[in-house]
Amino acid sequence: MKKNLEFLSKALSLLPEVKETLVPPKEGQFFSKPLGKGDSVTIDFGKHLVGHLQVKMGYVNSHPDAPVWIRFSFAENLKEFEENVGNYQGWICSAWVQQEQLHFDLIPGEYTLPRRYSFRYVKIDILDISSKFNLVIEDVMAIALSSADDSKLKPYHNVHKELEQIDHIACHTLHDCMQKVFEDGPKRDRRLWMGDLRLQALANYETYQMNDMVKGCLYLFAALPMQNGQVGACVFLEPEPEVDDTSMFDYSLLFVAALWDYYVETKDREALEDLWETAKMQIVLAQKQVGVVKDCNKLGWCFLDWSLELNKQAGAQGVLLYAMKSAVAIAKEIGKDHDAECIMKTYELYRKAAKMHFYDEEKGLFVSGDCRQISYASQVWMILGDVVDEQSGIRILHDVATQTEAIEMITPYMYHYYIEALLKCGDKTEALSVMEKYWGGMARLGADTFWELYNPNNPDESPYGGTIVNSYCHAWSCAPAYFLRKYYSEK
Ligand code: RAM
């Protein structure tokens with residue numbers, strides 16, 4: 001399908017300006033220390049930030065008679081410095097590792113490094129320098145970038161200080177991912193993904209309230225459909241706005257949920273009417289792909305979580321049901337009664353079929369695939385799709401936690417929907433305790449922004465074949481800002 005130029009220009013006009021803030025490093029003990037070959041200094045900016053780095057360099061002893069060769073390494077998390085990029089053998093491109101080796105011909109001088117980086121720490125290694133002089137770092141400054149409007153952010157109050165801290169970290173995570181679009185992570189992949197957007201938008205409504213930015217991002221996806229009209233899994237903004245050639249069954253469907261959330265928040269009818277056809281198309285395409293219940297390998301890539309062993313059949317069906325509920329709500333709201341009726345009828349059919357096909361009476365849990373796999377993801381998505389009532393839902397969520405063979409959740413993305421399922425079934429206490437354990441676990445490990453992945457049983461887990469390419473500021477992990485402010489606020 002062709003680009004929709006009208007939507008595209010609307011999208012671009014809605015995207016925010018990115019503002020700059022100067023951030024000095026936390027400590028200045030490295031200033032004026034003479035550095036020779038092999039020396040190294042680590043600079044801590046005191047908090048995670050996204051932006052550019054300026055360095056002012058001088059010298060002591062003889063006039064510089066050769067260039068200086070320096071390696072700059074940037075880290076969101078100090079553990080990135082412990083790893084060697086040369087040893088990384090994973091499948092995702094190692095060019096994401098934030099490192100530069102640069103030659104400086106003129107010292108003294110002031111320089112701005114070439115890329116935008118996502119970091120709290122910067123390590124400077126002097127790879128080579130003439131023996132006739134020493135380098136002196138006279139000043140460093142970060143130019144931090146974000147489009148989040150800090151004046152909109154109200155403080156969150158809770159008697160439990162740990163929860164305030166978790167909220168603070170979640171807001172900081174979202175803040176640093178808010179650039180021209182809602183980026184998934186400013187270190188990697190630095191772009192707008194549909195599944196991530198949906199969660200960022202929810203957290204944004206409770207925090208920065210940059211609702212036009214959400215609208216711009218929704219129009220961007222609608223403006224740049226894939227060949228068959230499917231919303232792509234992610235889009236690029238530069239050099240020209242373009243959809244990626246990756247599609248994901250669940251991410252396309254979450255466009256529908258995100259559009260409905262946006263309307264509930266803003267009552268922006270124009271957007272709902274403009275984007276309805278795109279939303280409806282996602283339901284039509286998904287129905288063609290799965291029908292009532294088909295095997296998940298026919299779905300292409302359905303994400304759900306970064307777990308390689310997870311069987312996605314039941315979860316995918318749950319996401320479809322979940323999106324269909326939003327589609328019905330949108331159609332009703334804009335007077336598309338016939339569409340609403342048709343989708344509702346199919347929804348009922350699919351819901352019954354899902355219960356018959358995936359619910360194992362003996363186990364009292366949902367199973368997925370020929371292997372009848374039990375996982376958290378399958379239970380969560382079947383519950384969110386309303387396949388069982390709330391009472392059964394809560395029993396299922398408690399029971400799955402006692403099953404040692406159940407496939408666990410790995411990403412904060414999947415945990416978001418787990419919390420949503422617990423809240424839907426009325427278990428506010430358990431939802432809070434999961435947040436305290438899971439996001440609190442990252443906080444206790446020193447996170448000042450929340451991570452792309454966190455497996456409490458294996459904090460060094462990476463689906464990419466090495467933690468050096470993991471992102472430690474990933475906005476799909478900003479759920480606590482949404483849930484705490486919406487459901488656990490002391491006003
Ligand atoms: C990761 C991205 C993004 C996510 C996709 C599926 O690579 O960083 O957050 O949406 O996977």
Side-chain angles (χ1 to χ4, degrees), residues 48 50 76-77 80 88 90-98 116-118 170 173-174 176-204 214 217-218 220-221 224 226 230-237 243-255 257-258 282 296 299-310 312 315-316 319 323 377 381 409-417 439 442 447 449-455 461-479 482:
H48 184 278
V50 180
E76 299 184 306
N77 183 322
E80 290 167 81
Y88 171 71
W91 60 272
I92 222 168
C93 181
S94 66
W96 286 117
V97 177
Q98 306 183 105
R116 193 197 79 180
Y117 309 92
S118 182
T173 308
L174 181 62
D176 283 359
C177 293
M178 287 170 75
Q179 300 293 329
K180 198 72 188 166
V181 293
F182 287 96
E183 293 185 8
D184 57 335
K187 168 181 166 185
R188 208 216 77 244
D189 311 326
R190 300 167 54 149
R191 61 178 174 265
L192 179 63
W193 285 81
M194 189 56 235
D196 306 55
L197 169 66
R198 202 259 161 151
L199 305 192
Q200 286 170 294
L202 289 175
N204 165 73
V214 176
C217 292
L218 290 171
L220 209 53
F221 275 110
L224 306 169
M226 303 189 78
Q230 190 172 358
V231 163
C234 65
V235 293
F236 300 96
L237 208 54
V243 67
D244 188 22
D245 56 9
T246 308
S247 68
M248 300 201 303
F249 179 82
D250 48 345
Y251 274 27
S252 307
L253 285 167
L254 289 168
F255 176 88
Q282 306 319 305
C296 57
L299 300 178
W301 189 16
C302 176
F303 177 63
L304 301 188
D305 199 6
W306 259 132
S307 163
L308 301 177
E309 33 175 3
L310 177 65
K312 310 213 170 151
V319 178
W381 280 110
M409 301 166 286
I410 290 176
T411 57
Y413 171 81
M414 186 58 226
Y415 266 86
H416 175 111
Y417 288 109
W439 279 271
M442 284 186 257
T449 47
F450 288 128
W451 311 340
E452 173 181 22
L453 295 124
Y454 172 55
N455 180 351
E461 182 150 331
S462 168
Y464 310 118
T467 46
I468 196 158
V469 289
N470 282 10
S471 151
Y472 293 97
C473 173
H474 217 71
W476 69 15
S477 66
C478 59
Y482 167 62

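The shown structure was predicted, so the numbers you read here are calculated from the model rather than taken from an experiment. Note that ligands are numbered from 1 as they come in the structure, with each ligand's atoms numbered from 1 the same way.
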In terms of heavy-atom contacts, Met226 and Asp244 come closest through CE-O, 3.6 Å
Closest candidate by heavy atom, reference atom 9 (O) of ligand 1, pool Ile92, Val469, Asp196, Leu197: Asp196
Shortest protein contact, atom 11 (O) of ligand 1 (heavy atom only): Trp306 NE1, 3.5 Å
For atom 8 (O) of ligand 1, what is the closest protein heavy atom, and at what distance to 0.1 Å? Asp184 OD2, 2.7 Å
Ligand 1 contacted by Tyr251 (non-hydrogen, < 4.0 Å): yes
Looking at ligand 1, would Arg188 count as a contact under a 4.0 Å heavy-atom criterion? yes
Using a distance-only test with no angle check, is there a side-chain donor-acceptor pair under 3.5 angstrom linking [X] and [Y]?
| X | Y | value |
| --- | --- | --- |
| Asp196 | Trp476 | no |
| His48 | Ser118 | yes |
| His474 | Ser477 | no |

Enumerate the atoms of ligand 1 whose separation from the nearest heavy atom of [X] is less than 4.0 angstrom.
| X | answer |
| --- | --- |
| Glu452 | 1 (C), 8 (O) |
| Tyr464 | 1 (C), 7 (O) |
| Trp476 | 4 (C), 9 (O), 10 (O) |
| Met248 | 6 (C) |

In this structure, is the centre-to-centre distance between the rings of Phe303 and Tyr413 below 6.0 Å? yes
Run the ring-centre check on Trp306 versus Trp301 and record whether the distance is less than 6.0 Å. yes
Taking Glu80 first and then Arg188, would you say they form a salt bridge - that is, a charged N and a carboxylate O separated by under 4.0 Å? no
